[in-house]
Amino acid sequence: MNHSNTPILVAVAWPYASGSRHLGHLAGAYLPADVFARYQRLMGNRVLMVSGSDVHGTPITVRADAEGVTPSEIADKYHAEFVKDWERLDISWDCYTSTGTNNHKEVVQELFMTLLNKGHIDKRTSEQYFDQEVNRFLPDRYIEGSCPHCEYLEARGDQCENCGRTLDPQELVNPRSKISGSEPELRSTEHFYLRLSDFEDSLEKWLSTRQGWRKHVLNFSKGWIEEGLQDRAITRDLDWGIEIPVDDLGEGKRIYVWFEAVVGYLSAAKEWAAKQGEPESWKDWWENDEAQSFYFIGKDNIPFHTIIWPGMLIGNGGLNLPTDVPANQYVTFKGGKASASRGVGLTIGEGLDMFEPDALRYALAANLPEQSDTDISIEEIVRRINEELVATWGNLVNRVLSMVNKTCEGQVPAPGNKKDEDNKVLSEVDAMLLKASQQLEKVEIRAALRSAMDGAAAVNAYLNATEPWRVAKEDPDRATTILSTALEAINGVRVALSPYLPFSTTKLEEILGPISSWERSPVVAGTPIPKPTPLFAKIEVTND
RNA sequence: GGCGACGUAGCUCAGUAGGUAAGAGCGCUCGACUCAUAAUCGAGAGGUCGACAGUUCAAAUCUGUCCGUCGCUACCA
């Protein structure tokens with residue numbers, strides 16, 4: 001740590017534009033990534049935070065068919081919704097794009113050609129079910145039929161939900177298309193395959209040298225490799241997706257999402273560089289040995305980021321592999337997995353309609369599923385906001401600014417001579433900043449927030465011990481010193497909270513001055529302190 | 001079925017390499033204070049660490065079995 005000016009790539013999972021994203025997605029990837037990126041910027045590092053909407057794939061085409069619109073209309077609709085969500089939350093992207101750009105297509109095709117020319121991609125023929133009514137080959141999970149093992153009538157082509165067994169679609173008895181209901185026929189089709197098995201040894205070696213990765217991420221990835229890596233079809237019989245850059249296979253085939261979406265991290269970096277007018281600058285994050293990359297994803301995405309994408313990078317050569325993949329577990333909503341489509345939990349938009357963005361960010365950051373699944377509810381969010389954010393931090397700022405406004409003629413007082421107790425609280429705040437920094441370096445976002453709040457509690461305790469409101473009556477100079485010290489302490493605490501609370505941070509910066517680095521900056525005597533308004537509103541709980 | 005993670009106070013969660021009497025926040029009880037958004041500060045109560053068995057001088061932590069939850073299982077991404 002403390003490497004100032006290090007290029008740090010903050011790569012965030014690409015939200016799938018087939019529906020609204022919910023608070024679980026926000027807590028799983030976007031919020032921790034944003035906190036981490038903001039922290040790294042304050043440490044003086046060169047952060048490039050990228051992501052974009054994933055606009056291809058079968059679920060989008062199926063939804064488009066169902067609604068009688070085109071796939072791009074669905075993708076555009078949700079892409080616009082995501083962009084609005086990010087603005088409302090102030091997620092600090094350097095580049096938020098989509099997989100529908102020309103640039104992305106070119107980068108994907110270039111990578112495809114490199115892997116093809118190096119022999120890591122080859123052609124194979126397989127038998128796939130084809131739905132004649134909708135004129136489309138069917139992904140395994142869009143085929144239903146009776147399970148050959150338990151005779152469950154609605155088994156999917158990839159797995160029977162009743163007995164849990166993994167299936168091949170050909171095993172299903174009386175197969176039918178989930179899209180049209182008709183009986184599909186087997187047709188032979190030729191596709192490109194990524195030879196993942198080529199990378200088994202190098203991936204195993206690479207994973208065995210990873211330090212400080214989360215236990216579930218590392219074990220899960222090693223497990224995949226121990227089972228043996230299977231080559232994987234890159235292309236699909238689709239007309240919605242990125243064109244294959246060679247015509248060997250004929251019409252009607254596209255590169256499929258799992259292969260191209262992860263390439264987005266690279267294409268977004270190139271898009272950003274081009275927009276900066278320095279088209280080669282993306283290399284600082286991808287080819288520089290000093291550069292670090294952190295991939296913020298949910299646990300369902302682990303193999304794509306610890307096996308498949310690194311495999312593709314190794315095959316391509318010359319590009320940096322992930323430094324860390326701090327995948328989060330899931331947020332459950334009152335015990336159930338959050339899912340907007342099933343009506344469990346809140347979408348990001350609904351959460352923002354209900355809570356101020358900083359308050360929502362606080363409540364989720366305090367409950368991030370970093371070690372295990374985490375349970376949340378509206379009551380829990382309200383509790384976090386009212387009993388922690390408002391009571392400990394919001395109230396601290398308010399009480400200090402109020403006292404300074406009243407007893408120091410509305411401006412920051414001169415420091416005066418400090419006593420031991422004054423120096424003690426300041427060193428507590430400095431120690432907190434160091435501790436939070438160490439935690440954030442390890443991507444312990446939630447623990448670092450706890451540290452920051454402990455800092456706020458220490459300042460509250462200092463005020464209760466020194467009682468400036470009483471001292472002001474007998475010894476105004478001493479009261480002034482106490483309040484000046486409290487302001488300095490707050491100046492430290494707000495630094496540690498700033499990655500989590502961008503909106504109230506800006507509000508405080510207007511009074512106390514800007515935050516420009518990860519340290520407690522001095523307060524400037526004479527700065528006007530107006531009568532404060534609360535940083536956060538308490539949520540009124542209505543009992544109906 | 002296989003693989004992985006998880007099961008710790010009323011609630012939400014920490015417990016890094018087995019070892020001082022098991023931790024935090026919130027809630028609860030008592031007390032202090034009254035500058036502040038009935039906010040703050042201090043003290044306290046509260047847990048046989050999912051069950052059972054084993055290894056060890058010592059187990060929340062290691063091993064095995066079982067129960068429960070979640071995820072993955074390669075064509076959802």
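Fair warning: this is a prediction, and the values are worked out from it, not measured in the lab. All values below were derived from every heavy atom in this structure, side-chain atoms included, with hydrogens, water molecules and symmetry-related copies excluded. Proteins get letters first, then strands, A, B, ... in listed order; numbering begins at 1 in each.
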Enquirer: Measuring to OP1 and OP2 of B:rC76, would you say a side-chain N or O of A:T58 lies under 4.0 angstrom away?
Expert: no

Enquirer: Is any NZ, NE, NH1 or NH2 atom of the basic residue among A:K424 and A:E428 found under 4.0 Å from an Asp or Glu carboxylate oxygen of the other?
Expert: yes

Enquirer: Among residues at least two apart in sequence or on other chains, which ones pass ring-ring contact (aromatic ring centres under 6.0 Å, His included) with A:Y129?
Expert: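 For A:Y129, no residue satisfies ring-ring contact (aromatic ring centres under 6.0 Å, His included) once neighbours in sequence are set aside.
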
Enquirer: Have a look at A:A391 and say if it touches a base, only the backbone sugar-phosphate, or nothing, with a 4.0 Å heavy-atom cut-off.
Expert: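 Sugar-phosphate contact only - A:A391 comes under 4.0 Å of backbone atoms but never of a base.
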
Enquirer: Only one of A:S51, A:S98, A:P15 forms a side-chain contact (heavy atoms from CB on, under 4.5 Å) with A:F82, so which one is it?
Expert: A:P15

Enquirer: At a heavy-atom distance below 4.0 Å, what parts of residues 356-365 of chain A sit against RNA chain B?
Expert: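 Output list: empty, so none.
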
Enquirer: Using a 4.0 Å heavy-atom cut-off, does A:S377 contact any base of the nucleic acid, only the sugar-phosphate backbone, or nothing at all?
Expert: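 Nothing: the residue A:S377, judged by heavy atoms under 4.0 Å, touches no strand.
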
Enquirer: Going by the side-chain contact (heavy atoms from CB on, under 4.5 Å) test, name the single residue among A:N367, A:L23, A:N386 that passes it with A:I381.
Expert: A:L23

Enquirer: For RNA chain B, produce a single dot-bracket line, 5' to 3'. Pairs: Watson-Crick or G-U wobble, both distances under 3.5 Å. Symbols: ( ) within strand, [ ] crossing, | other strand, . unpaired.
Expert: (((((((..((((.....[...)))).(((((.......))))).....(((((..]....))))))))))))....

Enquirer: If you pin A:N219 and A:E467 to their nearest nucleotides in RNA chain B, which one's is more 5'?
Expert: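 Nearest nucleotide further toward 5': that of A:N219.
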
Enquirer: Let me know the distance between CD of A:E370 and C1' of B:rA5, rounded to the nearest Å.
Expert: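 Going from A:E370 (CD) to B:rA5 (C1'), I get 15 Å.
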
Enquirer: Can a side chain N or O of A:N398 be found less than 4.0 Å away from OP1 or OP2 on B:rC35?
Expert: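 No, because none of the side-chain N or O atoms of A:N398 sits under 4.0 Å from OP1 or OP2 of B:rC35.
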
Enquirer: Restricting to pairs with a member in residues 253-264 of chain A, which pass salt bridge (charged side-chain N to carboxylate O under 4.0 Å, His left out), not counting sequence neighbours?
Expert: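 Qualifying pairs: A:D237-A:K253.
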
Enquirer: Check salt bridge (charged side-chain N to carboxylate O under 4.0 Å, His left out) between A:R124 and all other residues, then give those that pass, not counting sequence neighbours.
Expert: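 Partners of A:R124 under the salt bridge (charged side-chain N to carboxylate O under 4.0 Å, His left out) test: A:D122, A:D231.
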
Enquirer: Please determine whether a side-chain nitrogen of the Lys or Arg among A:E379 and A:R383 lies less than 4.0 Å from a carboxylate oxygen of the Asp or Glu.
Expert: no

Enquirer: Once side-chain contact (heavy atoms from CB on, under 4.5 Å) is applied, do any residues pair with A:S484, and if so which ones, sequence neighbours excluded?
Expert: A:P413, A:P415, A:E488

